[in-house]
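Numbered from 1 within each chain, the chains take letters A, B, ... in sequence-line order. The structure displayed is predicted, hence computed values, not measured ones.
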Amino acid sequence: MTKEENLEKMRHSTSHVMAEAVQSLFTGVRFGIGPAIEDGFYYDFELARPLTPEDLPAIENKIREIVDADYPFIREEVDKEEARQLFADQPYKLELIDEFPDNRVTIYKQGSFADLCRGPHVASTSEIKAFKLTHIAGAYWRGDERSPMLQRIYGVAFDSEAELEGYLARQAEAMKRDHRKLGKELDIFSIHEEIGPGLVCWHPRGALIRQIIEDFWKAEHIKRGYDIVYTPHIAKLALWKTSGHWDFYRDYLYSPIEVEGQEYILRPMNCLGHILIYNSQLRSYRDLPLRYAELGTVYRYERTGVLHGMARVRGFTQDDAHIFCRPDQIEAEVAGVLKLAQLMMSTFGFNDYELLLSTRPERYVGSIQMWDEATDSLATVLEKLELPYDLDPGEGVFYGPKIDIKLRDALGHAWQGPTIQVDFNLPERFDVCYIGDDGAEHPVVMIHRTVLGSMERFVACLTEHYGGVFPVWLSPLQVVIIPIADRHVDYAQQIKNELEEEAIRSRVDERAERMSWKIREAQLQKIPYMLIVGDKEVESSNVSLRLRSGEDVGMRSLLQVKSLIKAVIEARAQTALEGESI
RNA sequence: GCCCGAGUGGCGCAAUGGUAGCGCAACCGACUUGUAAUCGGUAGGCUAGCGGGUUCGAAUCCCCUCUCGGGCUCCA
């Protein structure tokens, strides 16, 4: 058994011990399930009263008692009838028993607690080493929102106190990278109750980061034969009925706006405008592929509980494009998009991401043959490009299979970023076709795709990925010039002017503060370069360079510093100085 | 949407039934400074809601609404 499997076993056993602790502290407990998860475990309970965080220490103490008592875990096999009697007052367990295919079920007992469980478990409770209950949450029985909501206690468990401490320290570090916290500290964005939940205001610094990304994005798309288009943010409801969105996603649309007796809605997607542009004239097979790209803002009425800073919002800008192509062009186009997505990921420092191929869901349109062909071609491209991916069965969109790239935030949550989706639905509904070399009409294949995701989510992930320490080319402010005394302000200003000529973003901190105070503030703002100027520098026409890593590079000529910074920006380097860690 | 928790000056926090305090920031003044916090002073909130209730009295207790956080569900 590997170390990881042992750890998982121990975590699972800890959840049983926690259940025993809860059983002894509360009356009338009904038990749900309690598996091991990444880093720890949870158990779901139905209790007479709501749990509060204050309950956790008592439960932890009880767990320790059970651990110290060193109860063995005993495995027993019983038939279903016996199991039903054992768990006669446990409706959730009875439900599980009914669903087991075999007549024999296994039970694990430790101390005064018995649970229906496949196992395996540790030999004895004393094998549980370092654990901590972390939080409580509501969770639907079996993850179904029509089922009762149980109370879940989450915990973490490790082989040693040192590993537990290490984990908790990493969590604390990760919380510092939270884009919602950094967004405030670094003045990147805000969300206002007065405007509405999930609607983002981009502050000048955030907007600058976004502009830089968008400029890069546009240039790379134009290079690859995309045409930039703009389409309206609202459209007649009838259009969304034709597309099928009204039927499938009505609950996620903002309510219609009535004007002149016509109903309009805020667009939840950009594709329809692109389709109408395509359909504005007859297209020949020679015209294809056509690639329409738009940084298109869309609005979706996301349920209140799911909103999360800039990462999950109600109004967001997709870096969208729709490729209209012939069936024989699918593979080449998908490959092109994947390569572009890879370029985006590597340019922005995401070297660790997951690729998922999602296949036909239960509710779908089109023929199974179309689905199979499209899914195969997506898989073929992934294999040709030697990209490792996981299958996500049944997770495709109703209109076609897709490839998703998932990015992780500081706390390890995966967010969908780039996505490539084949669409069989819209070409049919809108009669999107081309004239082939046979002179006949053929349906086009439409590919929806983003290579970043949305600007909001991407900047959120980017902020967490870098912990706010953006690479120089993305840093809103690249240089702070710090005059030591008032008499150095003119010289500092002169330097700023020279940096401006090179389009380096700088500011002179001319406040009547001490140098060390100005350095502290520049550090906290994670500004890549600090240029300190005092008598020595003025006299020798130099600057003293300090990096946000804390390194004092020393006195250099302005020319040297300028060319260093320029080179770092042009290379879109991940670090502020070659060989530096930031 | 569901369960639990929270909402105090720009920001971070204190005050759990008796007339709201602290730090940072802001503003004013002094200091003119050598690599992460110079000193002094001033102003600023009636405590999410021009919501309802309990009480002699509410930031503090109860109800409603809104927003945020942790999860669940969802995420075209």
Side-chain angles (χ1 to χ4, degrees), chain A residues 42 44 46-47 49-55 134-154 178 180-181 184-185 187 190-198 240 243-245 248-249 251-253 268-271 298 300-309 311-314 316 318 361 363 395-400 402 404 411 413 415-416 419 421 423 425-426 448 454 457 482-489 512-525 530-537 544-548 550-555:
Chain A
Y42 67 77
D44 290 342
E46 188 180 287
L47 301 168
R49 67 161 176 92
L51 287 167
T52 69
E54 290 78 60
D55 291 320
T134 52
H135 55 288
I136 50 185
Y140 296 108
W141 166 239
R142 316 196 95 180
D144 186 336
E145 63 181 320
R146 291 161 302 191
S147 297
M149 183 159 276
L150 308 179
Q151 301 193 63
R152 176 173 295 178
I153 303 177
Y154 282 96
D178 189 317
R180 293 165 298 183
K181 184 172 159 65
K184 199 175 277 179
E185 288 171 4
D187 202 12
S190 59
I191 293 175
H192 303 266
E193 200 172 332
E194 298 90 324
I195 293 176
W240 302 98
S243 69
H245 289 98
F248 270 84
Y249 302 117
D251 292 345
Y252 297 93
L253 302 178
M269 303 185 93
N270 303 304
C271 30
V298 298
R300 298 177 186 177
Y301 174 69
E302 301 282 3
R303 295 157 99 189
T304 50
V306 306
L307 301 174
H308 184 90
R312 186 84 183 267
V313 290
R314 286 183 172 165
F316 55 98
Q318 294 180 308
R363 264 175 107 195
E395 290 302 309
V397 194
F398 77 92
Y399 51 67
K402 61 172 181 170
D404 288 331
L411 287 165
H413 299 133
W415 294 97
Q416 185 186 303
T419 182
Q421 308 174 345
D423 186 346
N425 175 50
L426 292 176
H448 306 246
S454 77
R457 179 173 294 175
I482 300 176
I484 287 177
D486 289 350
R487 62 179 178 279
H488 310 123
V489 169
E513 293 290 350
R514 270 150 180 73
M515 177 196 66
S516 55
W517 177 253
K518 297 177 183 178
I519 287 175
R520 177 184 155 76
E521 290 215 323
Q523 287 285 152
L524 291 175
Q525 287 294 310
M530 284 154 256
L531 300 185
I532 289 127
V533 294
D535 289 335
K536 283 188 290 184
E537 288 78 9
S544 283
L545 175 63
R546 180 192 161 102
L547 306 178
R548 61 187 160 184
E551 189 192 344
D552 180 1
V553 178
M555 205 149 74

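Closest to the side chain of A:W517, out of B:rC72, B:rA25, B:rA76, is B:rA25. Here the nucleotide nearest the side chain of A:T304, chosen from B:rA36, B:rU35, B:rG1, is B:rG1. Each of B:rC31, B:rU35, B:rA76 was ranked by its minimum atom distance to the side chain of A:A512; first place goes to B:rC31. Taking only side-chain atoms of A:P197, from C-beta outward, the nucleotide of B:rU35, B:rC68, B:rA76 with the closest atom is B:rC68. Checked against B:rU35, B:rA76, B:rC31, the side chain of A:M515 finds its nearest nucleotide in B:rU35. The side chain of A:L253 lies closest to B:rA76 when the candidates are B:rA37, B:rU73, B:rA76. The A:A137 side chain lies nearest to B:rG71 when the options are B:rG71, B:rA76, B:rU32. Counting only heavy atoms from C-beta on, A:T52 has its side chain closest to B:rG5 among B:rU38, B:rU73, B:rG5. Residue A:Y154 has its side chain nearest to B:rC72 when only B:rA76, B:rC72, B:rG34 are considered. Of the listed nucleotides (B:rC74, B:rC68, B:rG34), B:rG34 has the atom at the smallest distance from the side chain of A:I484.
Spacing between B:rC4 and B:rU16 at atom P, rounded to whole Å, works out to 26 Å. The C1' atoms of B:rU32 and B:rA59 are separated by 45 Å, rounded to the nearest whole Å. With both ends at atom P, the span from B:rA36 to B:rC68 equals 39 Å, rounded to whole Å. Of the P atoms belonging to B:rG5 and B:rG52, the separation is 25 Å, rounded to the nearest Å. Distance check on atom C1': B:rC13 versus B:rG51 gives 28 Å, rounded to whole Å. Nucleotides B:rG69 and B:rU8 are separated by 14 Å at their P atoms, to the nearest Å. Separating the C1' atom of B:rG7 from that of B:rG49 is a span of 11 Å, rounded to the nearest Å. Comparing the C1' positions of B:rU38 and B:rU47 gives a spacing of 34 Å, expressed to the nearest Å.
Nucleic acid contact for A:D535: base, since at least one base atom lies under 4.0 Å from a heavy atom of the residue. Across all strands, A:L524 comes closer than 4.0 Å to base atoms (heavy-atom distances). Counting any heavy atom pair closer than 4.0 Å across all strands shown, A:G305 reaches a base atom. Residue-level contact check: A:V397 touches the backbone only, with heavy atoms under 4.0 Å from sugar-phosphate atoms and none from bases. Using a 4.0 Å heavy-atom distance criterion, A:P53 is classed as making no nucleic acid contact. Within 4.0 Å (heavy atoms only), A:Y399 reaches sugar-phosphate atoms of the nucleic acid but no base atom.
Taking atom CD of residue A:E194 and atom C1' of nucleotide B:rC50, one finds them 15 Å apart after rounding to whole Å. If you measure from atom OH of A:Y42 to atom C1' of B:rC4, you get 17 Å, rounded to the nearest angstrom. What separates CG of A:L307 from P of B:rG71 is a distance of 15 Å, to the nearest Å. What separates NZ of A:K518 from P of B:rU33 is a distance of 12 Å, to the nearest Å. B:rC24 atom P lies 17 Å from atom CD of A:E185, rounded to whole Å. At whole-Å resolution of the value, CZ in A:R152 and P in B:rG70 are 16 Å apart. Taking atom CD on A:E513 and atom P on B:rU33, their separation rounds to 15 Å, with Å as the unit. Following rounding to the nearest Å, A:H413 (NE2) and B:rC74 (P) show an atom-to-atom distance of 16 Å.
The shortest distance between side-chain heavy atoms of A:M530 and A:Q523 falls below 4.5 Å. Using a 4.5 Å heavy-atom cutoff, the side chains of A:Q151 and A:I136 are not in contact. Considering only heavy atoms from C-beta on, A:H488 comes within 4.5 Å of A:D535 through its side chain. Within the 4.5 Å cutoff, side-chain heavy atoms of A:Q416 are placed close to those of A:K402.
B:rG7: Watson-Crick or G-U partner is B:rC66, with both key distances under 3.5 Å. Nucleotide B:rU16 has no partner under the Watson-Crick or G-U criteria, as no pair reaches both atom distances under 3.5 Å. The base-pairing partner of B:rA43, taking Watson-Crick or G-U wobble contacts with both distances under 3.5 Å, does not exist among the strands shown. The base-pairing partner of B:rC31, taking Watson-Crick or G-U wobble contacts with both distances under 3.5 Å, does not exist among the strands shown. As the counterpart of B:rC50, no nucleotide is assigned, since no Watson-Crick or G-U wobble pattern has both distances under 3.5 Å.
With hydrogens and angles ignored, no donor-acceptor pair closer than 3.5 Å exists between the side chain of A:R514 and the base of B:rC39. In terms of polar N and O atoms assigned as donor or acceptor, the side chain of A:R312 comes within less than 3.5 Å of the base of B:rC75 in a complementary pairing. With hydrogens and angles ignored, no donor-acceptor pair under 3.5 angstrom links the side chain of A:E193 to the base of B:rG7. In the interface, the side chain of A:Y140 is paired with the base of B:rG1 through a donor and an acceptor atom under 3.5 Å apart.
Within the structure, a side-chain polar atom (N or O) of A:K184 is placed less than 4.0 Å from OP1 or OP2 of B:rG12. A sub-4.0 Å separation between OP1 or OP2 of B:rU33 and a side-chain N or O of A:R487 is present. A sub-4.0 Å separation between OP1 or OP2 of B:rG1 and a side-chain N or O of A:Y301 is present. OP1 or OP2 of B:rA36 sits under 4.0 Å from a side-chain N or O of A:R546. Contact annotation: A:R180 side-chain N/O to B:rG70 OP1/OP2 distance is under 4.0 Å.
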Quiz prompt | A:E46 and A:W141: CA distance, side-chain angles, deciding distance, side chain to side chain contact (heavy atoms under 4.5 Å, CB included) verdict | solution = CA-CA 10 Å; A:E46 188 180 287; A:W141 166 239; over 6 Å; no
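Comparing A:D404 and A:M149 by the nucleotide of RNA chain B whose heavy atom lies nearest to each, the residue mapping closer to the 5' end is A:M149. Take the nearest nucleotide of RNA chain B for A:H308 and for A:H488: the residue whose nucleotide is more 5' is A:H488.
The side chain to side chain donor-acceptor pair (under 3.5 Å) check on A:D486 picks up nothing, with sequence neighbours excluded.
Using the six-membered ring where Trp is involved, A:H245 and A:W240 have ring planes that are perpendicular, over 60° apart on the 30 and 60° scheme.
Within a 6.0 Å radius of CZ in A:R146, other residues, nucleotides and ligands contribute 12 heavy atoms or fewer.
Side-chain N or O atoms of A:R457 include one that pairs as donor or acceptor with a backbone N or O of A:A311 at under 3.5 Å.
Nearest heavy-atom pair, A:V306 versus A:R312, reported as atom, atom and distance to 0.1 Å: O-CG, 3.2 Å.
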